[in-house]
Undergrad: 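First the structure, which I've put down as structure tokens, then a few questions once you've had a look.
Fair warning: this is a prediction, and the values are worked out from it, not measured in the lab.
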Amino acid sequence: QVHLVESGGGLVQAGGSLRVACVASGRTSSMKAMGWFRQPPGKEREFVAAISWVSDYIRYTDSVLGRFTISRDSAKNTVYLQMNSLRPEDTALYYCAGRDVSPLLTTASAYKYWGQGTPVTVSS
């Protein structure tokens with residue numbers, strides 16, 4: 001079993017930056033990929049970014065390309081999402097997710113482990 005805990009969410013003005021982090025504990029040796037998803041108010045959960053734990057492969061959804069950067073610190077079992085040039089439409093509950101099989105996928109149903117979410121609010 002893997003336990004994920006997110007942190008770093010908050011309130012920021014449009015154009016600002018925020019970094020959220022996710023720490024994994026438990027059977028982290030089984031992890032193959034970790035991703036960030038978000039759920040805007042009243043909408044479905046959507047993919048944001050994902051990173052392989054065993055290669056340099058990274059994927060982003062188109063709307064965050066050039067603004068968000070996903071990275072990992074394997075020694076700390078931590079994945080980060082640096083969010084720059086934030087927009088009001090980025091407002092959502094951001095979830096960290098883990099996957100213990102390859103390949104790197106972008107659908108929520110492909111991820112076995114989930115954190116509790118951290119809220120990000122971008123004011124205009």
Undergrad: Taking it one step at a time, do T61 and E46 satisfy side-chain contact (heavy atoms from CB on, under 4.5 Å)?
TA: CA-CA 9 Å; T61 192; E46 60 186 23; over 6 Å; no
Undergrad: Could you state whether Y94 and V12 fall into the same hydrophobic cluster, counting links through intermediate Ile, Leu, Val, Met, Phe, Trp or Tyr residues with side-chain heavy atoms under 4.5 angstrom apart?
TA: yes
Undergrad: Verify the distance criterion only: is there a donor paired with an acceptor across the side chains of R99 and Y111 at less than 3.5 Å?
TA: no
Undergrad: Looking only at heavy atoms, which two atoms of Q82 and N84 are closest? And how far apart?
TA: NE2-OD1, 2.9 Å
Undergrad: If I take atom CZ from residue F47 and atom OH from residue Y60, how far apart are they, to the nearest 0.5 angstrom?
TA: 9.5 Å
Undergrad: Within this structure, what is the CG-OG1 distance for the pair D100 and T28, rounded to the nearest 0.5 Å?
TA: 12.0 Å
Undergrad: Does I51 belong to the same Ile/Leu/Val/Met/Phe/Trp/Tyr cluster as Y113, with side-chain heavy atoms less than 4.5 Å apart forming each link?
TA: yes
Undergrad: Taking R67 first and then D90, would you say they form a salt bridge - that is, a charged N and a carboxylate O separated by under 4.0 Å?
TA: yes
Undergrad: Do D73 and Y80 come close enough that some side-chain heavy atom pair is under 4.5 Å?
TA: yes
Undergrad: First locate atom CD of Q13, then atom OG of S124, and finally report the distance between them rounded to the nearest 0.5 Å.
TA: 9.5 Å
Undergrad: Is the shortest heavy-atom distance from the side chain of W53 to the side chain of V79 under 4.5 Å?
TA: yes
Undergrad: I need the minimum non-hydrogen distance between L11 and S123, along with the two atoms involved.
TA: CD1-CB, 4.4 Å
Undergrad: Measuring from atom OG of S17 to atom CZ of R19, what distance do you get when rounded to the nearest 0.5 angstrom?
TA: 12.0 Å
Undergrad: Give the minimum heavy-atom separation between T78 and V23, together with the two atoms involved.
TA: OG1-CG2, 3.6 Å
Undergrad: Between V2 and M34, is a side-chain contact (heavy atoms from CB on, under 4.5 Å) present by the stated rule, with each step listed?
TA: CA-CA 11 Å; V2 175; M34 292 184 72; over 6 Å; no
Undergrad: Between R38 and A92, what is the shortest heavy-atom contact and its length?
TA: CB-CB, 3.7 Å
Undergrad: Counting only heavy atoms from other residues, nucleotides and ligands, does the tally under 6.0 Å from CD of Q116 exceed 12?
TA: yes
Undergrad: Does one hydrophobic cluster hold both L81 and L104, with members joined at side-chain heavy-atom distances below 4.5 Å?
TA: no
Undergrad: Going from CZ on R59 to CG on L65, what distance comes out if it is rounded to the nearest 0.5 angstrom?
TA: 11.0 Å
Undergrad: Going by heavy atoms in the side chains, are E89 and P40 under 4.5 Å from each other?
TA: no
Undergrad: Flag yes if I70 and L86 sit in one hydrophobic cluster, no otherwise; membership is Ile, Leu, Val, Met, Phe, Trp, Tyr, and two members link when side-chain heavy atoms are under 4.5 Å apart.
TA: yes
Undergrad: I'd like to check R45 versus W114 (side-chain heavy atoms, cut-off strictly below 4.5 Å). Are they in contact?
TA: yes
Undergrad: Any chance the side chains of R72 and S74 put a donor and an acceptor closer than 3.5 Å?
TA: yes
Undergrad: Give a yes or no answer on whether the side chain of S55 reaches the backbone of S52 with a donor-acceptor pair at less than 3.5 Å.
TA: no
Undergrad: What about F37 and I58, same hydrophobic cluster or not, with Ile/Leu/Val/Met/Phe/Trp/Tyr joined at side-chain heavy-atom distances under 4.5 Å?
TA: no
Undergrad: Carefully, step by step, assess Y95 and L4 under the rule side-chain contact (heavy atoms from CB on, under 4.5 Å).
TA: CA-CA 9 Å; Y95 293 92; L4 303 176; over 6 Å; no
Undergrad: Can you name the closest pair of heavy atoms from S63 and R87 and give their distance?
TA: O-NH1, 3.9 Å
Undergrad: Do M83 and V20 come within less than 4.5 Å of each other through their side chains, counting heavy atoms only?
TA: yes
